[in-house]
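These notes concern the structure reproduced below.
Convention: sequence-line order gives letters A, B, ...; per-chain numbering from 1.
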Amino acid sequence: EAGVVQSPRYKIIEKKQPVAFWCNPISGHNTLYWYRQNLGQGPELLIRYENEEAVDDSQLPKDRFSAERLKGVDSTLKIQPAELGDSAVYLCASSLKSWGPYEQYFGPGTRLTVT
Amino acid sequence: AQKITQTQPGMFVQEKEAVTLDCTYDTSDQSYGLFWYKQPSSGEMIFLIYQGSYDEQNATEGRYSLNFQKARKSANLVISASQLGDSAMYFCAMREGDGGSNYKLTFGKGTLLTVNP
């Protein structure tokens, strides 16, 4: 069974440029998460989807970040315009459900460098 | 207050010995879940073990066990018979809520484990 797929793996952009990350979760997983992981820190949740609905986007900086999960499968996270402080690893994860003993499966992440 | 506290930024252990990684948590919920993940230098987060707040027995998964002390709000990870491949960053995480609007998921800052040959 394929794991969580993310692309690109690495991205280097100049500040003020837009960038987008793509995630394809494990088949059948209804819940999809986007995290940001700064160097030396644990992941911080940005947004959580239940199917195609964003049920928790309280940590998403909405002035520059947007996300979508069309048809409740794959998802895109966008930053426009990027700032130097956005340099981080962006992780996508999925789980069968968001409660109970259902662990999250993580993708390899996208390492973003903003110069 | 920190939701998840991992007080050991780094730990060293000799190969084949056991090691305990500490995790304390803060919640007022009665129902919550605790997770441990491993993140090797390759970057991918790997699920290790889960403990539900109502589980009466400590969780075990192979060489991993969770020392759950509810009254102390601690959920320490014990790795037995350490292997060189165990060298990685380890994160403790807590899920509060039932998956609805009050759902929260918080990770600690991690502990870097180094296994020496």
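The part of B:Gln39 that comes within reach of chain A is its side chain, from C-beta onward, which places non-hydrogen atoms under 4.5 angstrom from that chain. Looking at B:Ser42, the atoms closer than 4.5 Å to chain A (heavy atoms on both sides) all sit in the backbone: N, CA, C or O. Residue B:Tyr37 touches chain A through its side chain alone, counting heavy-atom pairs closer than 4.5 Å.
Heavy-atom neighbours of A:Lys11 NZ from other residues, nucleotides or ligands within 6.0 Å: at or below the threshold of 12. No more than 12 heavy atoms of other residues, nucleotides or ligands sit less than 6.0 Å from atom CD1 of A:Ile12. For NZ of A:Lys78, the number of neighbouring non-hydrogen atoms (other residues, nucleotides, ligands) closer than 6.0 Å is 12 at most. In the displayed structure, A:Leu84 atom CG is contacted under 6.0 Å by more than 12 heavy atoms of other residues, nucleotides or ligands.
By the salt bridge (Lys or Arg N to Asp or Glu O under 4.0 Å) test, A:Lys62 pairs with A:Asp57, sequence neighbours left out.
Annotation: side chain of A:Tyr35 is in contact with side chain of B:Leu105 (closest heavy-atom distance under 4.5 Å). Side-chain contact between A:Gln37 and B:Phe91 is present, with heavy atoms from C-beta onward closer than 4.5 Å.
For the pair A:Glu103 and B:Phe35, the tightest heavy-atom approach, listed with the atom from each and the gap, is CA-CE2, 4.0 Å. Looking at every heavy atom in both residues, A:Gly107 comes nearest to B:Glu44 through O-CG, 3.9 Å. Among all heavy-atom pairs drawn from B:Phe47 and A:Gln104, the shortest one is CB-O, 4.4 Å.
Connection of B:Met89 to B:Leu77 is not established within any shared hydrophobic cluster, with ILVMFWY side chains joined at heavy-atom distances below 4.5 Å, either directly or through further cluster members. Linking ILVMFWY residues whenever their side-chain heavy atoms come closer than 4.5 Å, directly or via other members, leaves A:Tyr105 and A:Leu46 in distinct clusters. Hydrophobic clustering (side-chain heavy atoms under 4.5 Å, transitive across Ile, Leu, Val, Met, Phe, Trp, Tyr) keeps A:Phe106 apart from A:Trp34. Linking Ile, Leu, Val, Met, Phe, Trp and Tyr residues whenever their side-chain heavy atoms come within less than 4.5 Å leaves A:Leu70 and A:Leu32 in two separate clusters. Cluster membership check: B:Ile49 shares its hydrophobic cluster with B:Val19, using side-chain heavy-atom separations under 4.5 Å among Ile, Leu, Val, Met, Phe, Trp and Tyr.
Ranked by heavy-atom pairs shorter than 4.5 Å toward chain B, the options A:Pro43, A:Gly40, A:Gly42 are led by A:Pro43.
Atom OH in A:Tyr102 sits 10.5 Å away from atom CZ in B:Arg95 (nearest 0.5 Å).
Interface with chain A: from residues 106-117 of chain B, residues B:Phe107, B:Gly108, B:Lys109 qualify, criterion being any non-hydrogen pair under 4.5 Å.
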